[in-house]
**Student:** 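My questions all concern the structure below.
Numbers for residues simply follow the sequence, beginning at 1.
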Amino acid sequence: MITQQEMDTIRRIIDDEERSQAVFALIEELEQQRRDQNHKRQADGIAAARERGVRFGRPKMAYPKNFEGIYNCYKSKAITGTHAAEVLGINRNSFRELVRRYEAEKGISPEKA
């Protein structure tokens with residue numbers, strides 16, 4: 001992106017307003033081509049990484065050792081979600097996410113369980 005200071009410098013060098021506008025248009029077009037090229041190069045790199053099996057994003061949290069037993073107590077309403085999270089040593093949102101993922105993996109409907 002061309003700065004205001006650069007635009008003023010170009011206007012001083014090129015005294016004619018029409019010519020300076022043409023130069024600005026040319027510079028903007030070149031900048032857009034550079035951005036497009038960078039975007040394409042980035043997309044190509046991401047595609048190549050995915051082909052190599054690179055995984056992006058935060059890794060999924062592993063289930064704690066006693067998750068299934070605590071999950072069963074939670075679903076039978078013997079304990080609350082807050083208490084289940086405390087027992088597992090994780091926060092409530094992490095517990096909820098593990099429950100959603102566990103139910104999706106096991107094919108358990110959240111309403112029926």
**Student:** Do the side chains of V87 and Y74 get nearer than 4.5 Å, heavy atoms only?
**Tutor:** no

**Student:** Under 4.5 Å between any side-chain heavy atoms of P64 and L98, yes or no?
**Tutor:** yes

**Student:** Let me confirm one number: the OH-NZ distance from Y71 to K106, rounded to the nearest 0.5 Å.
**Tutor:** 10.0 Å

**Student:** Going through the checks in order, is the side-chain contact (heavy atoms from CB on, under 4.5 Å) test met by I46 and R50?
**Tutor:** CA-CA 6 Å; I46 290 171; R50 284 196 172 133; 3.9 Å; yes

**Student:** Report, as yes or no, whether the 6.0 Å neighbourhood of atom CD on Q5 holds more than 12 heavy atoms from other residues, nucleotides or ligands.
**Tutor:** no

**Student:** State which residues pass side chain to side chain contact (heavy atoms under 4.5 Å, CB included) with N72; sequence neighbours excluded, sorted by chain then number.
**Tutor:** E68

**Student:** Distance only, no hydrogens: is a donor on one side chain within 3.5 Å (strictly under) of an acceptor on the other, for R35 and N38?
**Tutor:** no

**Student:** Quick check for you: to the nearest 0.5 Å, what is the distance between N91 atom CG and R96 atom CZ?
**Tutor:** 9.0 Å

**Student:** N66 side chain to G69 main-chain N or O, any donor-acceptor pair under 3.5 Å?
**Tutor:** no

**Student:** Can a side-chain donor-acceptor contact be found between E97 and N93 if the only test is distance below 3.5 angstrom?
**Tutor:** no

**Student:** Minimum heavy-atom separation for A84 to F95, with atom names?
**Tutor:** CB-CZ, 3.6 Å

**Student:** If you measure only the distance, is there a donor-acceptor pair under 3.5 Å linking the side chains of Q37 and R34?
**Tutor:** no

**Student:** Would you say that D36 contacts Q33 through its side chain, given a criterion of any heavy-atom pair below 4.5 Å between the two side chains?
**Tutor:** no

**Student:** Mind checking the CZ-CE spacing from F67 to M61? Nearest 0.5 Å is all I need.
**Tutor:** 9.5 Å

**Student:** Measuring from T80:OG1 to H83:NE2, what's the distance to the nearest 0.5 Å?
**Tutor:** 7.0 Å

**Student:** Salt bridge or not for K40 and D44, using N-O below 4.0 Å?
**Tutor:** yes

**Student:** Does R101 make a cation-pi contact with Y63, if we ask for NZ or CZ under 6.0 Å from the ring centre and within 45° of the axis?
**Tutor:** yes

